[in-house]
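First up is the structure itself, then whatever we jot down about it.
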2 protein chains.
Amino acid sequence: MTVGTVRPGGRTARVRAAVLQAAGDALVEDGFDKLDLAEIARRAGVGKTTVYRRWGTVAALVADMLDDMADQSTPRADTGSLIGDLRANAHLVLRTLTDPRQGALFRAIIVAAACDARTATALRTFYAVRIAEWAPCVEQAISRGELPAGTDATEVIRAVSAPLYYRLMISQEPLDPTAADRAAEAAAAAARAGAYAQTG
Amino acid sequence: MTVGTVRPGGRTARVRAAVLQAAGDALVEDGFDKLDLAEIARRAGVGKTTVYRRWGTVAALVADMLDDMADQSTPRADTGSLIGDLRANAHLVLRTLTDPRQGALFRAIIVAAACDARTATALRTFYAVRIAEWAPCVEQAISRGELPAGTDATEVIRAVSAPLYYRLMISQEPLDPTAADRAAEAAAAAARAGAYAQTG
DNA sequence: TTTTTAATGGAACCATGGTTCCGTTAAGAT
DNA sequence: ATCTTAACGGAACCATGGTTCCATTAAAAA
């Protein structure tokens, strides 16, 4: 059994919180590759032995941060129109990725996921929750007659995020409100045209 | 002046080629984070001092690989229709990202770019060349009357790639021909609807 | 061909993550 | 309140990237 699960009260929880907080700070300041567990322990005011024992690797620590973040999920919008809802989603993603702390965190997490299978799984789960939260916007649009029946709701939501993450990780173009609006409008237009019809 | 630029003939070029080849192999097998310059030197049959002297860091080596790859660019398609051209582009990206060697290479490069500013610049340049190569497809579609005047051509091309890279790095869903077709159709539909109208 | 010196590469060296050991602290059971 | 032991943390230790030194090799100039 993993260390820290038999006596989760008091000290153990305090240590975990302090370490995750410190890890976030270090990730934002130094980036994923320069991360050093001893430095995180120092920031957290915790013995480095503890950090190595409980997490062992940077990737595992990042995965745990993700599990921690997965608890808070932002509720979906309900503006009455597909484009309104998708815009709200795009701007939520925009705010997250442009926030100095959260943006750096997500970059680091995506990098960690590319390096470590456990983190990759944690990341998939994280987004699955968020996409499931927003998919009803698309379902409603279908029942309103805005979109063709059989439209893949999760695919539409992902289509909103994709250009924004592409900017973050690949093209490194600025993430601004224009980009968010474009992402929402493009996804809506494509969905209306039937580009996300369910396959099979 | 950087080492290896005064006597670029014969041996120096041979060493560079061997090291870049070995770095690619190692990247594909072990991934970016586990990369070790000494191991690369061993594979390349080259002294590790040489590798450290000429490149110094893994990120710099990856940036050099990108410069090397930038020389070869695949010519754009000209099928006579926007959707045909965009499909061709989407399938080209698909082939690249699903190729065992190239796919792993791109992941590693994207990761390296997130960790190092020099690599990030090299990556931007790399894609700028490729996108400029394909942008005329969109220009032609505009002059054919398929798309509204003032459509941002590069944005349309990027819109084709975005969902595919999103799958590669974020959602980790399968990259299959359906995904490529969807990416092309979605970008075309959004462009027709005017979602990529030039701003300003 | 000879000369010059940029570039290479083996070996010894060093620094810095990461591990092990073991005594201490405090959570949870009695 | 007392006891048991999970979890913590300091210090010494170790392994493995990364650097330095210097002799050797081979481009390019003369």
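Atom set for the values below is all heavy atoms of this structure, side chains included, hydrogens, waters and symmetry mates excluded. In what follows, chains carry the letters A, B, and so on, assigned in the order in which the sequence lines appear, proteins first and then strands, with residues in each chain numbered from 1.
Minimum atom distance to the side chain of B:T49 is reached by C:dA11, of the listed C:dA11, D:dA7, D:dA27. With C:dT20, D:dA27, D:dG17 as the choices, the nucleotide that has an atom nearest any side-chain atom of B:Y52 turns out to be D:dG17. Counting only heavy atoms from C-beta on, A:L37 has its side chain closest to C:dG18 among C:dG18, D:dG18, D:dG9. For B:T50, whose side chain is taken as the heavy atoms from C-beta onward, the closest listed nucleotide among C:dG9, D:dC8, C:dA12 is C:dG9.
Rounded to an integer number of Å, the gap from B:D33 CG to D:dG17 P is 13 Å. Rounded to a whole Å, the CG atom of A:D36 is 8 Å from the C1' atom of C:dT16. The interatomic distance linking B:L35 (CG) with D:dG17 (C1') rounds to 12 Å, in whole Å. The distance between atom CD1 of B:I40 and atom P of D:dG17, rounded to the nearest whole Å, is 12 Å. Spacing between atom CZ of A:R54 and atom P of D:dG9 amounts to 10 Å, rounded to whole angstrom units.
At the heavy-atom level, B:R53 lies under 4.0 Å from base atoms of the strands shown. The residue A:R42 sits apart from the nucleic acid: no heavy atom pair falls under 4.0 Å.
Judged by distance alone with a 3.5 Å cut-off, no donor-acceptor contact links the side chain of B:R11 to the base of C:dT8. Put simply, the side chain of A:K48 and the base of C:dG18 share a donor and an acceptor less than 3.5 Å apart.
A donor-acceptor pair under 3.5 Å links the side-chain atoms of B:T151 to the main chain of B:P148, judged by distance alone.
Using a 4.0 Å cut-off between a side-chain N of Lys or Arg and a carboxylate O of Asp or Glu, A:R42 and A:E39 qualify as a salt bridge. Between B:D64 and B:R16, at least one side-chain N (NZ, or NE/NH1/NH2) sits under 4.0 Å from a carboxylate O, which counts as a salt bridge. By the 4.0 Å N-to-carboxylate-O rule, A:E29 lies close enough to A:R43 to be salt-bridged with it.
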